[in-house]
Amino acid sequence: MSDLFILQNQDKLFLGRQNNWLDGRDLAALYKTVHKDEAINQMFEASSKDYRQRIKVLSCSANEKGLPLIDPELLPEPLPKAGKDLFETLEQTAAPGAPDESAAPQADLT
């Protein structure tokens, strides 16, 4: 087993292979490299695209499949999945008592 380098931002999310931020539950989707200089270059590119990101390079061991073994303390809360979980999350975060746009009065054009 060798060491791998992965990237994590200030929200404890990990950089994915598609340059998106993930919760780290799907190890195959994470950006990973065995070269620290490549990880530093990727960190620079990601922070250049969004200056608000505070990214750090983490070193971790690899499992037998070559995927990173991430300490559970480093994992963030799971991100909602697309579909039912995401819909429920959006409903819960909507402001209570906010006017429903579909119920807005229509202007009389006559």
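- In this structure, Ile55 and Ala46 approach most closely via the heavy-atom pair CD1-CB, 3.6 Å.
- Take Asp37 and apply the side-chain contact (heavy atoms from CB on, under 4.5 Å) test, not counting sequence neighbours, and it matches His35.
- The cluster map of Ile, Leu, Val, Met, Phe, Trp and Tyr, joined by side-chain heavy atoms under 4.5 Å apart, puts Met43 and Leu4 in different clusters.
- Not counting sequence neighbours, Ser59 has no partner by the side-chain hydrogen bond (donor to acceptor under 3.5 Å, both in side chains) test.
- When all heavy atoms of Gln8 and Lys12 are compared, the pair lying nearest together is NE2-O, 3.2 Å.
- Between Ala39 and Leu7, the closest heavy-atom pair is O-CD2, 3.6 Å.
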Exercise. Are Gln42 and Asn19 close enough, and set up right, to give a side-chain contact (heavy atoms from CB on, under 4.5 Å), and what steps lead you there?
Worked result: CA-CA 9 Å; Gln42 188 65 33; Asn19 288 325; 2.9 Å; yes
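- Among all heavy-atom pairs drawn from Lys32 and Pro68, the shortest one is CD-CD, 3.6 Å.
- In terms of heavy atoms, Arg54 sits closest to Gln10 at N-OE1, 2.8 Å.
- Residue Leu22 is found in a hydrophobic cluster whose other members, listed by chain and number, are Ile6, Phe14, Leu27, Leu30, Leu58, Leu67, Ile70, Leu74, Leu75; membership requires side-chain heavy atoms under 4.5 Å apart, directly or through intermediates.
- Distance check: Asp11 CG to Trp21 CH2 gives 9.0 Å after rounding to the nearest 0.5 Å.
- Arg25 has its side chain within reach of Pro76: a pair of non-hydrogen atoms, C-beta onward, lies under 4.5 Å apart.
- Pairing each heavy atom of Pro78 with each of Asp23, the nearest pair is CA-OD2, 3.4 Å.
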